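A quick write-up on the structure given underneath.
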There are 2 protein chains.
Amino acid sequence: MSNQVITTKPKARINDYVSVDCVIFGFDFTQLNVLLVDRVLKDEITDKEKFNDLTLTGNHIYEDEDLEAAAARILFDLTGLKDIYLEQFQTFGSPQRITRENDKAWLAANGRDPDQRIITVGYYSLLATDKVTLEWKGRNVSWFPVSEVKELAFDHMEILNEALTALRKKLLQEPIGFELLPPKFTLSQLQRLYEVVLGVSLDKRNFRKKVSRMKYLVALDEKQKGVAHKPARLYVFDREIYENTRKELFDFAI
Amino acid sequence: MSNQVITTKPKARINDYVSVDCVIFGFDFTQLNVLLVDRVLKDEITDKEKFNDLTLTGNHIYEDEDLEAAAARILFDLTGLKDIYLEQFQTFGSPQRITRENDKAWLAANGRDPDQRIITVGYYSLLATDKVTLEWKGRNVSWFPVSEVKELAFDHMEILNEALTALRKKLLQEPIGFELLPPKFTLSQLQRLYEVVLGVSLDKRNFRKKVSRMKYLVALDEKQKGVAHKPARLYVFDREIYENTRKELFDFAI
DNA sequence: AATTCTAAGTGTTTCGATTACACTTTCGAA
DNA sequence: TTCGAAAGTGTAATCGAAACACTTAGAATT
C-alpha cells in the first residue's frame, strides 16, 4: 500500500502509545475558560453539550517533532496563532486511564484498542484572544467556563484539574497572567484575572499597592474608551524589564 | 526462540519508545548527592570515574505498570526500600536527545537504534539513607556530590539539572527536606540541608525563628550523643500536624 | 582537674510588606 | 441634569525578614 506524502515533513507518528494533550485556557475579563472539542462528529450530534462527550485537544507526535512542537501544532490548528505561551505540566500514563464504558466504546468505534494504555504529555497554554476555530477535524470546538466543567470524556477532567493546579502555582510565582490579557489592559482586569484563577478576592487598594512595586508593569498615557464609568488607565507588561530585574525567590516555606 | 517467564507478573515492556528515569538524591549532612550508574559493565571498566560514562537510573515500563510504579521499582532495585518520596518533574522527548558519537556507539553496541527517539518521564526521589546497592545489572553504582557532576552520558546532565531545579522549587514551597533526613535530626542539619540544596547561606537565629513557627516540627526530649561539642536537641517532622494545618500559599508574585 | 575546641543555642532592633478599611472622581446613559 | 458604575486614592496597625555577637555544654587534650 503506497502512502503519498504531500507535505515536506514526514508525517509518521512515532507510535500510537504516546500523545500530547493541550489544555487551552482563555480569559474573557470575567471568567477563566477552557477550549473543549466535542468528540462526536458535527453531523452525528444528537444531544448537544453533553460534557462527557467533550474532550481536551490532543494529538499524536510526529517522528521529527519535539513534544512542545506537537503542542504548538495543536494550538496553531485551533487558533492560527504561533508563539503562544505553553507549559508542560504533567505526564499521565496510568494503565487504567480509561475505565468508563462509553469511552471504551468510542475508542473501539474509532478503530483503537480500548485497553491499550496511552501515555499523554500534558501542556497548558494561555491565550489572550477568544479567536479560535469553531471546528476541528469535523468536530465542534468551543469555550467553556472552567468553573462549570464538571465532567469530561476519558480522564480529561483529571488532566484539566491538574492543569489548573499547575497554572495556579505558576501564577503565584511568575507574572504569567499577562499571557491571558491583551497587550494593553487595566489594573482591574488584572486583578479580576488573579481573583478568578486563584479563586480568591483581593482588596483593590492593596492589590494596586503591590503591583505598583513591579517595575515591569508600565502605565501608559492612555485610557479605556467607551465605558459607562470613569475610564481606567491602560498598562502594558514589559518583558524586557521583567527579565532584567527578576530575582530568584528565596523565601522558603519550610 | 522461546522465552521462559519465571515471575508471576507479565514482564512485557509497553514499548521501546518510552522510559522512566529516576534522579535519586541523597544527603549526607554535608552535601547533596546523586546516585549514578556506570553504563560500562564492571568487568569491562578501563578508565574509572569518567563522568561521561555515568548515567541516571532508568528503565522501561511494564505493560500493567503505572509510571510512578516503574520509578518505584527502579528505586526498590537499588535500595530495597519502598514508599520512597517520588516526584514526577518533567518529560523529555526531543528527537535530538542523543547527539554525541560515544552515546550513539554505546546504544548501537547495546542493540538499540541510536536514532530512535525515546520519550523519558523524569522522576526525582529523596532518600534519607546512603544504603544502596553497589551493583546494578552488572554495573557500578555510587553516590556523587551533585556539585561535582559536570557531565553525564546521553542528555542525563540536562535531566539532572532540571530535577535539581524542580527540587529547589519544591523545597521553597513545601517541607520535603525531611525526606532527605533521618527521622530524628537537629536544626543545624536541617539548616545545612536548605543551604546546600538552595545554594544559599542562612542566618542561624533567623532560621530557628522561622522554623519555630512550624508546628509540625516537633522537639524531642532527646539530644545528640557522642559529639565533641554541645549536643543538639533532636526534632521530628510530624506529618499529621503538617497535613492538618497546612494552608495554601496566596502570596503571589505578580 | 583544668583547658581547649567545637558547634548549640539565644534576643533585639530596624525595615519593609501585608492587612483592614471608605470616600471622591469620571465617564456614559437615562 | 441626574444617576449608575467602576476607577482611583492614603493611613495606621501588625507581622515577617534581616542584620548582628555572645554564652553554654559536652568531648578531647594536657
Side-chain angles (χ1 to χ4, degrees), chain A residues 28-31 172-173 175 181-182 184-196 198 200-215 217-236 245-254, chain B residues 28-31 171-173 175 181-182 184-196 198-215 217-236 245-254:
Chain A
D28 60 9
F29 303 122
T30 307
Q31 290 178 106
L172 288 168
Q173 269 157 58
L181 291 170
K184 299 175 182 180
F185 51 86
T186 73
L187 292 187
S188 293
Q189 288 167 348
L190 186 62
Q191 181 181 340
R192 175 81 188 151
L193 167 62
Y194 277 84
E195 291 180 326
V196 165
L198 300 176
V200 293
S201 73
L202 302 170
D203 178 83
K204 191 174 14 168
R205 279 176 289 190
N206 293 339
F207 181 83
R208 282 159 188 257
K209 211 182 307 169
K210 180 153 189 161
V211 302
S212 70
R213 283 196 296 273
M214 316 296 166
K215 300 290 169 49
L217 191 61
V218 182
L220 301 176
D221 281 329
E222 207 175 329
K223 293 188 170 180
Q224 265 186 324
K225 274 176 191 145
V227 286
H229 54 76
K230 180 171 175 176
R233 191 157 185 188
L234 295 174
Y235 288 76
V236 291
T245 61
R246 112 231 239 5
K247 46 191 174 298
E248 300 305 321
L249 311 165
F250 270 116
D251 232 15
F252 58 92
I254 185 182
Chain B
D28 60 9
F29 301 125
T30 307
Q31 290 177 108
L171 187 63
L172 287 169
Q173 269 157 58
L181 291 170
K184 299 175 181 180
F185 51 86
T186 72
L187 291 189
S188 293
Q189 289 167 348
L190 186 62
Q191 182 181 341
R192 174 80 188 152
L193 167 62
Y194 276 84
E195 291 180 326
V196 166
L198 299 178
V200 292
S201 74
L202 301 170
D203 179 84
K204 190 172 22 165
R205 279 175 288 192
N206 292 338
F207 181 83
R208 282 158 187 259
K209 214 181 305 166
K210 180 153 188 161
V211 302
S212 71
R213 284 196 297 271
M214 317 295 165
K215 301 290 169 50
L217 190 62
V218 182
L220 301 175
D221 282 330
E222 205 174 331
K223 293 186 172 182
Q224 264 185 325
K225 274 177 191 143
V227 287
H229 53 77
K230 180 169 175 177
R233 191 158 187 187
L234 294 175
Y235 288 76
V236 291
T245 60
R246 114 229 239 3
K247 46 192 174 298
E248 300 305 321
L249 310 163
F250 270 118
D251 231 15
F252 57 93
I254 182 182

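Since this is a predicted model, take the numbers as computed values, not measurements.
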Check your understanding: Between A:Y235 and A:F185, does the ring centroid distance fall short of 6.0 Å?
Key -> no
Point to revise | Integer-rounded Å distance: D:dG8 P and A:L190 CG | key: 12 Å
Practice item. For D:dA17, take OP1 and OP2 only and decide whether either is under 4.0 Å from a side-chain N or O of B:K210. Key: yes
Point to revise | Under 3.5 Å side-chain donor-acceptor pair for A:S188 and A:R208 | key: yes
Practice item. Kindly say if A:R233 contacts the phosphate of D:dA7, meaning a side-chain N or O under 4.0 Å from OP1 or OP2. Key: no
Review point. Does any N or O in the side chain of A:R233 come within less than 3.5 Å of the main-chain N or O of A:L220, such that one atom is a donor and the other an acceptor?
Key: yes
Check your understanding: Atom CD of B:E195 and atom P of C:dA7: how far apart are they, to the nearest Å?
Key -> 13 Å
Check your understanding: Is the base of D:dA17 touched by the side chain of B:D203 through a donor-acceptor pair closer than 3.5 angstrom?
Key -> no
Review point. What's the NZ-P distance between B:K230 and D:dA25, to the nearest Å?
Key: 6 Å
Exercise for review: Would you kindly compare A:P231 and A:R205 by the position of their nearest DNA chain C nucleotide and give the one closer to the 5′ end?
Suggested key: A:R205
Review point. Within the pair B:S188 and C:dA7, is there a side-chain N or O less than 4.0 Å away from OP1 or OP2?
Key: no
Check your understanding: Quick one: is B:K209 getting a side-chain N or O under 4.0 Å of the D:dG16 phosphate, OP1 or OP2?
Key -> no
Practice item. Measure distances between side-chain N and O atoms of B:K204 and base N and O atoms of C:dG9, and say whether any donor-acceptor pair falls under 3.5 Å. Key: yes
Revision key, fill the gap. Taken to the nearest 0.5 Å, the spacing of A:Q189 CD from A:Q224 CD works out to 6.0 Å
Review point. Quick check: does any side chain N or O of B:K210 sit under 3.5 Å from a backbone N or O of A:F252, one acting as donor and the other as acceptor?
Key: yes
Check your understanding: Rounded to whole angstroms, how far apart are CG on B:N206 and P on C:dG9?
Key -> 16 Å
Check your understanding: Under 4.0 Å between a side-chain N or O of B:R192 and OP1 or OP2 of C:dA8?
Key -> no
**Study point:** Atom-to-atom span, CZ of B:R208 to C1' of D:dT23 - whole angstrom
**Key:** 14 Å
Check your understanding: So which one's nearest nucleotide on DNA chain D is more toward 5', A:A228 or A:Y235?
Key -> A:A228
Check your understanding: B:H229 NE2 to C:dG9 P: how many Å, rounded?
Key -> 10 Å
Revision key, fill the gap. Rounded to whole Å, the CG-P distance (B:L202 to C:dA7) equals 18 Å
**Study point:** Nearest-Å distance for atom pair CZ/C1', residues A:F207 and D:dA6
**Key:** 15 Å
